[in-house]
Peer 1: 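Please read through the structure below; I'll follow up with questions.
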Amino acid sequence: MTGKTRDRPRFPESYGIESSPEGMLDWPPVEAALREAAIYWVATAGDGPHITPIWGAWAADRLYLEGGSTTRWARNLAADPRASVGVDVSGLQVLVEGLVVTVEPDPTLHEAIASQYAAKYPYRPDPGSMFELRPRKVLAWSVATIDAFASTPTRFRFEEDE
C-alpha cells in the first residue's frame, strides 16, 4: 500500500453533511473497527447481487476472508472481483470497496490473520489460499448522534500498488 488520502464523500445536500474537514474521522479508529468487527457483510455481483455475513480479519490494510470456492459469493467473485464490505462496530459504520484476489499469505501475515480469527471465533484458518480484498476506498461515519452523522462522514482513498 502506497498511501491513502482523506476527504468528504458526496451526499445529497439535503443530508446536511458538513463541507469543511472539521469532524472528519482519523484512520486509526476506522482501522480498529475493521480489525475488531466480528461479522463482515460482503456484497458481490457476479451472477446477480448477493450479500452474506462472513468471518474475516483486517491486516496490512487488507481484508482477509476464507471460504469455499463453490459458495455463491466466491463464484460471484470469480466472475467479477469487485466487492463491497460493511461493518458496524459500536455505531461506527464502515464500508470498504475494492477488488478481491485469491492469495496464499506468507507465514508472518498468515499468523496475524489466524491470530485475529482465533481472538474473535473458535477457529484458526489453514495457511492455504484466502480471499484478499484490496480496498480502493473506505467510507466511515458515526451514527451515535444526528450531529455525529452530519460531521463525521469521511472517505479514505487508497492509492494502488505500483
Side-chain angles (χ1 to χ4, degrees), residues 1-46 49-66 73 76-77 80-103 105-106 108-121 130-162:
M1 183 60 53
T2 57
K4 52 186 111 25
T5 58
R6 182 179 76 150
D7 63 5
R8 287 279 185 205
R10 285 180 275 189
F11 281 86
E13 191 174 315
S14 63
Y15 281 38
I17 303 300
E18 296 288 335
S19 58
S20 77
E22 188 175 335
M24 286 191 340
L25 299 169
D26 292 322
W27 179 246
V30 174
E31 183 176 42
L34 287 165
R35 201 174 26 262
E36 295 165 12
I39 299 296
Y40 300 84
W41 287 92
V42 178
T44 59
H50 180 66
I51 188 166
T52 191
I54 300 176
W55 290 352
W58 180 266
D61 280 341
R62 304 281 200 262
L63 178 63
Y64 293 90
L65 310 166
E66 183 189 45
W73 66 271
N76 277 356
L77 288 170
D80 182 343
R82 295 174 299 166
S84 295
V85 174
V87 301
D88 174 349
V89 176
S90 301
L92 184 60
Q93 310 296 302
V94 183
L95 303 175
V96 182
E97 296 178 8
L99 297 177
V100 177
V101 297
T102 302
V103 297
D106 67 56
T108 302
L109 178 57
H110 180 265
E111 181 53 34
I113 294 165
S115 293
Q116 270 192 56
Y117 266 74
K120 296 189 279 188
Y121 321 113
M130 300 191 82
F131 295 90
E132 177 187 82
L133 184 139
R134 298 176 177 178
R136 290 196 169 161
K137 69 179 170 183
V138 173
L139 303 171
W141 62 90
S142 172
V143 293
T145 66
I146 193 69
D147 290 337
F149 173 75
S151 65
T152 61
T154 307
R155 175 176 45 206
F156 299 91
R157 296 176 195 250
F158 285 65
E159 295 177 21
E160 293 186 39
D161 293 335
E162 297 295 325

Peer 1: Would you please name every residue forming a side-chain contact (heavy atoms from CB on, under 4.5 Å) with Thr5, sequence neighbours left out?
Peer 2: Arg157, Glu159
Peer 1: Can you give me the closest heavy-atom contact between Lys120 and Gly56, atom names plus distance?
Peer 2: NZ-O, 2.9 Å
Peer 1: Looking at Trp27, is Lys4 sitting on its ring face, NZ or CZ under 6.0 Å from the six-membered ring centre and within 45 degrees of the normal?
Peer 2: yes
Peer 1: Could you tell me whether Asp61 and Arg134 make a salt bridge, using a distance below 4.0 angstrom between a side-chain N and a carboxylate O?
Peer 2: no
Peer 1: Find out whether Ile51 and Trp73 are in side-chain contact, i.e. whether some heavy atom of one side chain is under 4.5 Å from a heavy atom of the other.
Peer 2: no
Peer 1: Taking side chain as C-beta onward, heavy atoms only, is Pro135 less than 4.5 Å from Arg62?
Peer 2: yes
Peer 1: Could you work out, with side-chain contact (heavy atoms from CB on, under 4.5 Å) as the rule, every residue matching Thr152, not counting sequence neighbours?
Peer 2: Leu25, Trp141, Ser142, Ala148
Peer 1: Taking only residues at least two apart or on different chains, which pairs with a member in residues 82-93 satisfy side chain to side chain donor-acceptor pair (under 3.5 Å)?
Peer 2: Asp80-Arg82, Asp88-Gln93
Peer 1: Kindly give the heavy-atom pair with the smallest separation between Pro29 and Leu92, and that separation in Å.
Peer 2: O-CD2, 3.6 Å
Peer 1: Could you tell me which residues satisfy ring pair (Phe, Tyr, Trp, His ring centres under 6.0 Å) with Tyr64, sequence neighbours excluded, listed by chain and number?
Peer 2: none
Peer 1: So, do Leu99 and Arg136 sit near enough that their side-chain heavy atoms are less than 4.5 Å apart?
Peer 2: yes
Peer 1: Kindly state each residue pair satisfying salt bridge (charged side-chain N to carboxylate O under 4.0 Å, His left out) with at least one member in residues 137-150, sequence neighbours excluded.
Peer 2: Glu97-Lys137
Peer 1: How many angstroms lie between atom CZ of Arg155 and atom CZ of Arg6, to the nearest 0.5 angstrom?
Peer 2: 12.5 Å
Peer 1: Could you give the distance from OG1 (Thr44) to CG (Asn76), rounded to the nearest 0.5 Å?
Peer 2: 3.5 Å
Peer 1: Specify whether Phe11 and Tyr15 have parallel, tilted or perpendicular ring planes, treating 30° as the upper limit for parallel and 60° as the lower limit for perpendicular.
Peer 2: tilted
Peer 1: With the side chain counted from C-beta on, respond yes when Val85 and Trp41 share a heavy-atom pair under 4.5 Å apart, and no when they do not.
Peer 2: no
Peer 1: Could you tell me if the side chain of Val96 sits less than 4.5 Å from the side chain of Leu34, heavy atoms only?
Peer 2: yes
Peer 1: Are Arg8 and Pro21 side-chain neighbours, meaning at least one heavy-atom pair lies under 4.5 Å?
Peer 2: no
Peer 1: Is there a side-chain contact between Leu65 and Val42 in this structure, where contact means two heavy atoms from C-beta onward sitting under 4.5 Å apart?
Peer 2: yes
Peer 1: What are the two closest heavy atoms between Val87 and Ala33, and how far apart are they?
Peer 2: CG2-O, 4.4 Å
Peer 1: With sequence neighbours left out, write down each residue that passes ring pair (Phe, Tyr, Trp, His ring centres under 6.0 Å) with Tyr40, or none if nothing qualifies.
Peer 2: none
Peer 1: Considering all heavy atoms of both residues, which atom of Pro153 and which atom of Ser151 are nearest to each other, and what is their separation?
Peer 2: CD-C, 3.5 Å
Peer 1: Is there a side-chain contact between Val30 and Val138, using heavy atoms and a 4.5 Å cut-off?
Peer 2: yes
Peer 1: Can you name the nearest heavy-atom pair linking Ile113 to Ala59, along with the distance?
Peer 2: CG1-CB, 4.3 Å
Peer 1: Determine yes or no for a side-chain-to-main-chain donor-acceptor pair under 3.5 angstrom, with Glu66 supplying the side chain and Phe131 the backbone.
Peer 2: no
Peer 1: Which value, rounded to the nearest 0.5 Å, describes the distance between Leu139 atom CG and Thr154 atom OG1?
Peer 2: 9.0 Å
Peer 1: Tell me whether Tyr117 contacts the main-chain N or O of Ala112 through its side chain, where contact means a donor paired with an acceptor under 3.5 Å.
Peer 2: no
